Novice: 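Take a look at the following structure, please.
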Amino acid sequence: AQRVTQPEKLLSVFKGAPVELKCNYSYSGSPELFWYVQYSRQRLQLLLRHISRESIKGFTADLNKGETSFHLKKPFAQEEDSAMYYCALRYNQGGKLIFGQGTELSVKP
Amino acid sequence: GAVVSQHPSRVICKSGTSVKIECRSLDFQATTMFWYRQFPKQSLMLMATSNEGSKATYEQGVEKDKFLINHASLTLSTLTVTSAHPEDSSFYICSATRGGTGELFFGEGSRLTVL
């Protein structure tokens, strides 16, 4: 079965520190991987998708098929990055998204 | 960007009553919509996949008679929580797939409180 695992429920860092939010998945095929962000009292919004290979708000994520990981990284965290981050997997375009448990990122001043 | 709107954003009802939540894609046609349930600071649990003009596909463990889903048009899907109980209190979120890229857009969510 497809599964997405985010091992950290809460990640707390100081402003300017590097951040890495971990995501591992289990799927035998070639999935699409995404990172979604949910700021306080706002709707879920797409942050990154692995096929676009772009950097959004300074965040990057590389799909590592060997390790079945899609970790989210940012070299210098900002206070406005504080939010819930969800890693998600989809195994065909238009299909359902399967979410990880989410990691709450807290960036302290 | 594309917009998905849910209504109502908050609803409080008495135990035993039914509540309907609407999900609309405002500027695109969505052949497929998804309904999720989210508990505070927890993951989104997929409840069902809603396809326009056909019966919804429910995930394992989700009662289809409890959570009625109707996708009557390409821009509207509804979730009706029937005979609501306090344990149904939750945040319900819908999402819609836009054709082409298959990008998924999320509604703002509807918070249901059953007294």
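The model shown is predicted, which means the values in this text are computed figures rather than measured ones. By convention in this document, chain letters (A, B, ...) are assigned in the order of the sequence lines, proteins followed by strands, and residues within each chain are numbered from 1.
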Novice: Could you check whether atom NE2 of B:His85 has more than 12 heavy atoms from other residues, nucleotides or ligands sitting under 6.0 Å from it?
Specialist: yes
Novice: Please confirm whether the backbone N or O of A:Gly100 pairs with a side-chain atom of B:Ser43, one donor and one acceptor, at under 3.5 Å?
Specialist: yes
Novice: Tell me, side chain or backbone of A:Phe34 under 4.5 Å from chain B's heavy atoms, or both, or neither?
Specialist: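 When you check distances to chain B, no heavy atom of A:Phe34 falls under 4.5 Å.
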Novice: Given that the side chain runs from C-beta out, which part of A:Leu97 has a heavy atom under 4.5 Å from chain B: side chain, backbone, both or neither?
Specialist: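 Interface part for A:Leu97: both.
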Novice: Side-chain heavy atoms under 4.5 angstrom apart, residues restricted to Ile, Leu, Val, Met, Phe, Trp, Tyr: same cluster for A:Tyr27 and A:Phe70?
Specialist: yes
Novice: Identify which part of A:Leu46 has an atom lying under 4.5 Å from any heavy atom of chain B, answering side chain, backbone, both or neither.
Specialist: side chain
Novice: Counting only heavy atoms closer than 4.5 Å, note whether B:Leu104 contacts chain A via side chain, backbone, both or neither.
Specialist: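 For B:Leu104, the contact with chain A is made by backbone and side chain together.
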Novice: Should B:Ile21 and B:Phe34 be counted in the same cluster of Ile, Leu, Val, Met, Phe, Trp and Tyr side chains packed under 4.5 Å apart?
Specialist: no
Novice: For A:Phe76, I'd like to know if atom CZ has over 12 heavy atoms of other residues, nucleotides or ligands within 6.0 Å.
Specialist: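 No.
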Novice: Between B:Leu46 and A:Met84, is there a shared hydrophobic cluster once you connect ILVMFWY residues whose side-chain heavy atoms come closer than 4.5 Å?
Specialist: yes
Novice: Do other residues, nucleotides or ligands put more than 12 heavy atoms under 6.0 Å from the NZ atom of B:Lys66?
Specialist: yes
Novice: Applying a strict under-4.5 Å side-chain criterion to I, L, V, M, F, W and Y, I'd like to know whether B:Val114 and B:Trp35 cluster together.
Specialist: yes
Novice: What option among A:Val4, A:Leu44, A:Leu10 has the most heavy-atom pairs under 4.5 Å with chain B?
Specialist: A:Leu44
Novice: Decide side-chain contact (heavy atoms from CB on, under 4.5 Å) for A:Lys96 and B:Glu59; before the verdict, give the C-alpha distance in whole Å, the side-chain angles of both, and the deciding distance to 0.1 Å.
Specialist: CA-CA 11 Å; A:Lys96 59 188 179 185; B:Glu59 295 298 302; 3.0 Å; yes
Novice: With rounding to the nearest 0.5 Å, note down the distance linking CZ in A:Arg43 to OG in B:Ser5.
Specialist: 7.0 Å
Novice: Might you work through the side-chain contact (heavy atoms from CB on, under 4.5 Å) test for A:Gln38 and B:Gln38, ending with a clear yes or no?
Specialist: CA-CA 12 Å; A:Gln38 189 174 31; B:Gln38 185 182 33; 3.2 Å; yes
